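Report on the structure given below.
Quick caveat, the model's predicted, so the values are computed rather than measured. In what follows, every chain begins at residue 1, and chains take the letters A, B, ... in the order their sequences are listed.
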There are 2 protein chains.
Amino acid sequence: MQSYTEENYLKTIYHLAEKTTNVQTNAIAEQMQTKPASVTDMIKKLADKGLVDYIKYQGVTLTETGKNTAIDIVRKHRLWEVFLVDKLNFKWDEVHDVAEELEHIKSIELIERLDEFLGFPKADPHGDPIPDKNGRFAKTQFIKLIELKVGDAGTITGVSQHSSAFLKHLEKLGLTLGKQIQINDVTDFDGSVEILLSDKQVNISREVAKHILISSNGKN
Amino acid sequence: MQSYTEENYLKTIYHLAEKTTNVQTNAIAEQMQTKPASVTDMIKKLADKGLVDYIKYQGVTLTETGKNTAIDIVRKHRLWEVFLVDKLNFKWDEVHDVAEELEHIKSIELIERLDEFLGFPKADPHGDPIPDKNGRFAKTQFIKLIELKVGDAGTITGVSQHSSAFLKHLEKLGLTLGKQIQINDVTDFDGSVEILLSDKQVNISREVAKHILISSNGKN
DNA sequence: AATTATTTTTAGATTTACCTAAAAATAAAA
DNA sequence: TTTTATTTTTAGGTAAATCTAAAAATAATT
């Protein structure tokens, strides 16, 4: 059984490990709004519990057990987000903080039943995949919108940026999950992208285009 | 802003205050499965924060602020219980522990929306009243089943005992909330009560009868 | 390779919520 | 009204998760 804090460390390490194999102390500290010294302390504790492998000055990796625990927290977080949006009508930019608390509720039964109540969703409101109860993710084939060529079409199925500002911006432009889009043009000058969104012409900056994930319809 | 632990103390004091005005240190300790010395420590802290009035050796009472905080936690607890039973199909004897965790989730918006989602319920799965967002309880007129006379009839609307064993027992006898009952006889020998429950004759012990709450239909 | 900069760890403190054991206050009984 | 019993508090200590400041290891630069 892990404490609330230990769970947060595991989750953070899990997410950071998606980018680098050995997760650095400083990176964890920054992500968790704490100091490197505190991270070192906690890492030792997690290592003692067999949740991470740790070599001094070399960063950490999750053990099998640690990874499973982290995935379980991610699962809970994302299921709660679905609940908040689908059932309680929260907007996709409002759910993160509350889910951050709800993810630590311990009952397994609760999550099983919540999953069923929500219809076993495969993705959260931002398109992030929800692992099943065995920790397995459905395979997803995302392409960043920025990588599409003129003429390519697809469906918006995710975002790789979860800040409220970004999500509200997308909402205003009408770029929400499930929407069909087609690339009309890429501006040479600033790299902004002209897209066709249900007969409407929308221009988005290169920065925005980087963080929209598309699943292509057939040909690619 | 209170800690998880402080909230639990306030809630416990609130419940104990329903029986005695000045809540004793030992009573709190017993209820919270902790030691009197720890309670004294926490009481001082709560007093410093203006959440309880405290005179040494004389027990505590909640201040207005303390009481409002406690009621808010009770509200959350009971709404989550409704959610668990109505939406996730938990049994009424299975919800307490999970609600005990959920009640500490902080978002006000969450509770407002949950309340609406559940249809603004007035009572939890055990018949306990749910305060509205201003902390006001709907007036309830309960009579203990044990106090009814032969011939009296009414509806089961609550229980004053929440142990899993008791609730399962009631479930097995068919004595669930909303059921109509009538008193057929009270046994001289052991004080057990014969009741009529949808044409069936059911005998319940005096002890059980003490903890079933009835709202009488018209005449009383 | 030596120096400088960065990252990480250690050492020693602090805060929160506990604890045990002993002392003090209050309540009950002789 | 003493004595005894109960309740409550104080004193001193522990474990978890932090912190700051300083030391040690690693990485980058000249």
- Task: Under the side chain to side chain contact (heavy atoms under 4.5 Å, CB included) rule, collect the residues that match up with A:Lys35, sequence neighbours excluded.
- Result: A:Ser38
- Message: Rounded to whole Å, how long is the line connecting atom CE of B:Met32 with atom P of C:dT16?
- Response: 17 Å
- Query: Tell me: CD of A:Gln58 to P of D:dT26, nearest whole Å?
  - Reply: 6 Å
- Message: Just checking B:Asp188: does its CG atom have more than 12 heavy atoms from other residues, nucleotides or ligands closer to it than 6.0 angstrom?
- Response: no
- Task: Go through D:dT8, C:dC19, D:dT18 for me and flag the one nearest to the A:Thr34 side chain.
- Result: D:dT18
- A:Ile55 atom CD1 is separated from D:dT26 atom C1', nearest whole Å, by 14 Å
- Minimum-distance nucleotide (side-chain atoms of A:Lys35 versus C:dC19, C:dT26, D:dC19): D:dC19
- Message: Is a donor from one side chain sitting under 3.5 angstrom from an acceptor on the other, for B:Glu171 and B:Trp92?
- Response: yes
- Message: Does atom NZ (B:Lys67) have a neighbourhood of more than 12 heavy atoms from anything else shown, all under 6.0 Å?
- Response: no
- Side-chain touch A:Phe117/B:Asn89, heavy atoms, less than 4.5 angstrom: no
- Query: Is the shortest distance from a Lys or Arg side-chain nitrogen in A:Glu116 or A:Arg113 to a carboxylate oxygen in the other one below 4.0 Å?
  - Reply: no
Between the protein and nucleotides 10-13 of chain C, are there any N/O to N/O pairs under 3.5 Å, and if so, what are the atom names and distances?
from, atom 1, to, atom 2, distance (Å)
C:dT10, OP1, A:Lys56, NZ, 2.6
C:dT10, OP2, A:Lys44, NZ, 2.4

- Task: Can you tell me the distance, in whole Å, between the CD1 atom of B:Ile28 and the P atom of C:dC18?
- Result: 13 Å
- For B:Ile43 and C:dT16, give me the distance from atom CD1 to atom P, rounded to whole Å. 18 Å
- Item | Counterpart residues, side chain to side chain contact (heavy atoms under 4.5 Å, CB included), relative to A:Asn134 (two or more places apart) | A:Asp132, A:Arg136
- Message: If I take atom OH in residue A:Tyr57 and atom P in nucleotide D:dA24, what distance separates them, rounded to the nearest angstrom?
- Response: 9 Å
- Task: Rounded off to whole Å, could you give me the CD-to-C1' distance for the A:Glu30 and C:dT6 pair?
- Result: 14 Å
- Task: Before giving the answer on salt bridge (Lys or Arg N to Asp or Glu O under 4.0 Å), spell out for B:Asp97 and A:Lys106 the whole-Å C-alpha distance, their side-chain angles and the decisive distance to 0.1 Å.
- Result: CA-CA 10 Å; B:Asp97 291 353; A:Lys106 285 183 196 61; over 6 Å; no
- Message: Run through DNA chain D and report every stem of 3 or more consecutive Watson-Crick or G-U pairs, distances under 3.5 Å, ordered by first number.
- Response: C:1-30 with D:1-30
- Task: Please indicate whether A:Glu18 has more than 12 foreign heavy atoms, meaning atoms of other residues, nucleotides or ligands, lying under 6.0 Å from its CD.
- Result: yes
- Item | For B:His15, all residues meeting ring pair (Phe, Tyr, Trp, His ring centres under 6.0 Å), sequence neighbours excluded | none
- Query: Heavy atoms, side chains only, cut-off 4.5 Å: are A:Pro121 and A:Leu79 in contact?
  - Reply: yes
- Of all of residues 2-26 of chain B, which get a heavy atom below 4.0 angstrom from DNA chain C, listed by number? B:Ser3, B:Thr5, B:Tyr9
